[in-house]
Amino acid sequence: MTQLVASQRADLTFKGNKGLSRHEWLRLTPAYSVRLVQETLARWKEHENGSLRMIFDPFSGTGTTPLVAAQAGLEGVAVDINPFLVWLGSTKLQQYSLSDLQQAQDSLVEVIAWARQHLDDSDLWQPNLFKIERWWDVSSLSSLRALRAALDSVEPSPALDLLLVAFCQTLISSSSAAFNHQSMSFKESLQGELWDRELAHMVLSSFDVSARSVIAQAKEPLAGSGHIIHGDSRKAVDSLRGHVDGIITSPPYANRMSYIRELRPYMYWLRYLDVSKDAGELDWKAIGGTWGSATSALTTWQKEVDTPIDDEMSEVCSRIVIEGEGKPGNKLMGKYVSKYFTDTWEHAQCVSEIVRSGGRISYVVGNSTFYGVLVPTEKWYAAFFKAAGFRDVDIRTIRKRNSNKALYEFEVTGIKK
């Protein structure tokens with residue numbers, strides 16, 4: 001195990017993916033970099049002598065791992081419980097034909113033309129996103145409504161998927177959302193409360209530029225292949241049992257950050273969400289999710305599964321409750337940590353079923369603190385994998401996180417016995 005390091009290494013985060021073709025299509029702030037996956041694959045190839053074929057990510061996110069694997073000529077497979085992320089990863093992994101690209105170009109021209117003629121239509125659909133006026137000014141919102149209606153007339157196809165990626169980019173570039181720190185927030189003010197035709201046309205122009213860029217980036221063929229499976233990382237996919245050569249992933253951290261919260265604008269506009277209850281229910285199904293109604297569900301959750309770290313985890317959770325005495329949510333935070341690692345233990349056992357003998361794992365994880373109590377995530381992941389049948393389990397410090405002086409990211413590695 002290496003000593004802690006001070007460097008924040010922004011190149012190993014989502015910031016390192018800027019300018020990397022399909023990898024920069026949509027950003028998810030906590031995502032790790034292409035470079036991290038590439039370095040891991042290069043390290044593994046030195047030991048595998050050509051036997052490295054299938055790379056798996058049980059927490060697909062934006063699809064970084066399967067896409068890097070496919071670009072390297074391997075088979076990249078991933079699982080995600082969020083249907084929007086399944087769509088995004090699948091779109092990134094698509095092999096686009098010349099016909100697909102031409103269809104996207106032709107449809108783009110039609111979509112822009114239709115949207116320009118219907119900017120004044122006030123009866124066009126918009127999502128049921130809470131306080132939507134906080135996200136977009138009236139001019140931008142009219143453009144987005146027109147674009148969404150125009151895109152609805154395009155037949156489902158790889159071409160439409162490319163245009164929807166550009167639409168998602170435009171959603172964020174025209175919004176008041178700010179991504180200058182770990183979690184999404186809002187800028188201080190919007191550009192205007194009165195409808196402005198020039199501003200509305202600027203949003204359409206932004207979509208046009210984004211779409212042309214996405215289409216151009218999609219021209220590059222993938223040397224390998226990949227696909228994303230809609231599923232739960234705590235349950236083994238039967239078709240993968242014993243076939244996975246390596247896992248490179250970064251699970252949600254035990255820090256109560258909600259990926260559903262971060263993805264709201266995309267998921268509402270692409271109709272994966274309709275009401276806030278849907279978001280809470282989906283977040284509850286994910287490891288580490290407690291946003292919205294998922295918080296209420298946590299209050300009644302009871303631990304029913306034994307883990308290899310129960311004694312230590314019980315002590316840490318008790319300290320969280322004690323140190324948080326008098327602060328709202330202290331008991332809930334103790335439960336949150338317990339549920340997170342109970343779910344993670346079920347996941348570790350699932351991993352043991354799908355990785356072949358001699359297969360390797362690389363988990364990028366971050367520790368966390370609650371009321372000053374340190375949760376040694378990396379050590380507990382290592383304990384899980386040892387108990388689940390992995391040898392040579394090791395912990396390497398990757399970088400210092402910028403959110404708290406005690407927080408680091410680690411790589412937990414091991415080899416299936």
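Checked by atom type and distance alone, the side chain of Thr397 never pairs as donor or acceptor with a backbone atom of Phe410 at under 3.5 Å. Side-chain N or O atoms of Asp121 include none that pairs as donor or acceptor with a backbone N or O of Asp123 at under 3.5 Å. Between the side chain of Thr369 and the backbone N or O of Gly372 there is no donor-acceptor pair closer than 3.5 Å. Checked by atom type and distance alone, the side chain of Arg356 never pairs as donor or acceptor with a backbone atom of Lys416 at under 3.5 Å. In this structure, Asp80 contributes its side chain and Gly61 its backbone to a donor-acceptor pair below 3.5 Å. Side chain of Asp245 to backbone of Met54: a donor-acceptor contact under 3.5 angstrom is found. Between the side chain of Ser143 and the main chain of Val203, no donor-acceptor pair closer than 3.5 Å is present. A distance-only check finds no donor-acceptor pair linking the side chain of Asp283 to the backbone of Gly280 [under 3.5 Å]. For the pair Thr299 (side chain) and Ser296 (backbone), a donor-acceptor distance under 3.5 Å is present.
Between Ala254 and Phe370, the closest heavy-atom pair is O-CZ, 3.3 Å. Between Ile247 and Pro58, the shortest heavy-atom distance links the atoms CG2-CD, 3.7 Å. The shortest non-hydrogen separation linking Ile228 to Ser90 is CG1-N, 3.5 Å. Residues Thr170 and Phe207 approach most closely at OG1-CA, 3.3 Å, considering heavy atoms. Here the shortest heavy-atom pairing between Ile215 and Ala104 reads CD1-CB, 3.7 Å. In terms of heavy atoms, Cys350 sits closest to Ser233 at SG-O, 3.7 Å.
A ring-ring contact (aromatic ring centres under 6.0 Å, His included) check over residues 158-177, counting only residues at least two apart or in different chains, returns the pairs Phe167-Trp269.
Partners of Ser210 according to the side chain to side chain donor-acceptor pair (under 3.5 Å) rule, which considers only residues two or more places apart in sequence or in another chain, are Gln169. Residues passing the ring-ring contact (aromatic ring centres under 6.0 Å, His included) test with Tyr340, sequence neighbours excluded: none. For Asn82, there are no side chain to side chain donor-acceptor pair (under 3.5 Å) partners at least two apart in sequence or on another chain. Trp301 pairs by the ring-ring contact (aromatic ring centres under 6.0 Å, His included) definition with nothing, not counting sequence neighbours. The side chain to side chain donor-acceptor pair (under 3.5 Å) search around Lys339 returns Asp343, not counting sequence neighbours.
In this structure, Pro308 and Phe384 have side chains that are in contact, with non-hydrogen atoms separated by less than 4.5 Å. The shortest distance between side-chain heavy atoms of Leu332 and Leu298 falls below 4.5 Å. Counting heavy atoms from C-beta outward, Tyr371 and Met333 have side chains that approach closer than 4.5 Å. Between Leu41 and Ile55 the shortest side-chain heavy-atom distance falls below 4.5 Å. Side-chain contact between Asp57 and Val79 is absent, with no heavy-atom pair separated by less than 4.5 Å.
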Practice item. Give the intermediate values and the outcome of side-chain contact (heavy atoms from CB on, under 4.5 Å) for residues Val316 and Trp380. Key: CA-CA 12 Å; Val316 168; Trp380 290 356; 3.8 Å; yes
**Study point:** Audit row: Glu75, Arg53, salt bridge (Lys or Arg N to Asp or Glu O under 4.0 Å) steps and yes/no
**Key:** CA-CA 6 Å; Glu75 181 181 4; Arg53 295 178 299 274; over 6 Å; no
**Study point:** Step-by-step side-chain hydrogen bond (donor to acceptor under 3.5 Å, both in side chains) determination, Glu24 to Gln217
**Key:** CA-CA 10 Å; Glu24 67 168 350; Gln217 291 169 329; 3.2 Å; yes
Check your understanding: Please walk me through it: do Val86 and Ile229 pass side-chain contact (heavy atoms from CB on, under 4.5 Å)?
Key -> CA-CA 7 Å; Val86 173; Ile229 300 168; over 6 Å; no
Exercise for review: Test Leu144 against Ser174 for side-chain contact (heavy atoms from CB on, under 4.5 Å), laying out the working first.
Suggested key: CA-CA 9 Å; Leu144 295 175; Ser174 64; 4.0 Å; yes
Practice item. Applying side-chain contact (heavy atoms from CB on, under 4.5 Å), run through Asp306 and Trp345 and close with a yes or a no. Key: CA-CA 9 Å; Asp306 294 331; Trp345 168 235; over 6 Å; no
Check your understanding: Hey, mind stepping through His347 and Tyr381 against ring-ring contact (aromatic ring centres under 6.0 Å, His included) and telling me if it holds?
Key -> CA-CA 10 Å; His347 166 69; Tyr381 265 85; 7.7 Å; no
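Taken to the nearest 0.5 Å, the CG atom of Leu263 stands 9.0 Å off from the CG atom of Leu273. Atom-to-atom distance recorded for Thr344:OG1 and Tyr363:OH is 9.5 Å, nearest 0.5 angstrom. Between the CZ atom of Arg264 and the CD1 atom of Ile260 there is a distance of 10.5 Å, given to the nearest 0.5 Å. From Arg134, atom CZ reaches atom CG of Leu129 across 11.0 Å, with rounding to the nearest 0.5 Å. Note that OG1 of Thr342 and NZ of Lys335 are 11.5 Å apart. Values are rounded to the nearest 0.5 Å. To the nearest 0.5 Å, atoms OG1 (Thr65) and CD (Gln38) are separated by 11.0 Å.
Salt bridge present: Asp238 and Arg241 bring a charged side-chain N and a carboxylate O closer than 4.0 Å. Using a 4.0 Å cut-off between a side-chain N of Lys or Arg and a carboxylate O of Asp or Glu, Glu39 and Arg43 do not qualify as a salt bridge. Salt bridge annotation for Asp310-Lys303: present, with a cationic side-chain nitrogen under 4.0 angstrom from a carboxylate oxygen.
Judged purely by distance below 3.5 Å, without hydrogens or angles, the side chains of Glu411 and Ser362 pair a donor atom with an acceptor atom. No hydrogens or angles considered: a donor-acceptor pair under 3.5 Å links the side chains of Arg145 and Gln126. The closest side-chain donor-acceptor pair between His23 and Gln71 falls under 3.5 angstrom. Judged by distance alone, the side chains of Ser205 and Asp208 never bring a donor and an acceptor atom under 3.5 Å apart. Checking Asp137 against Ser140 by side-chain atom types alone, a donor-acceptor pair falls below 3.5 Å.
Ring pair His118/Trp114 is parallel by interplanar angle, where below 30° counts as parallel and above 60° as perpendicular. Under the 30°/60° scheme for interplanar angles, the aromatic rings of Tyr272 and Trp87 are found to be tilted. Aromatic ring pairs are classed by plane angle as parallel below 30°, tilted from 30° to 60° and perpendicular above 60°; the pair Phe390 and Phe385 is perpendicular.
Screening Gln94, Lys92, Arg22 against Leu222 for a side-chain contact (heavy atoms from CB on, under 4.5 Å) leaves a single residue, Arg22. Of the options Asn255, Leu407, Val375, a side-chain contact (heavy atoms from CB on, under 4.5 Å) to Asn367 is made by Leu407 and by none of the others.
The 12-atom threshold is exceeded at CD of Gln95, counting heavy atoms of other residues, nucleotides or ligands nearer than 6.0 Å.
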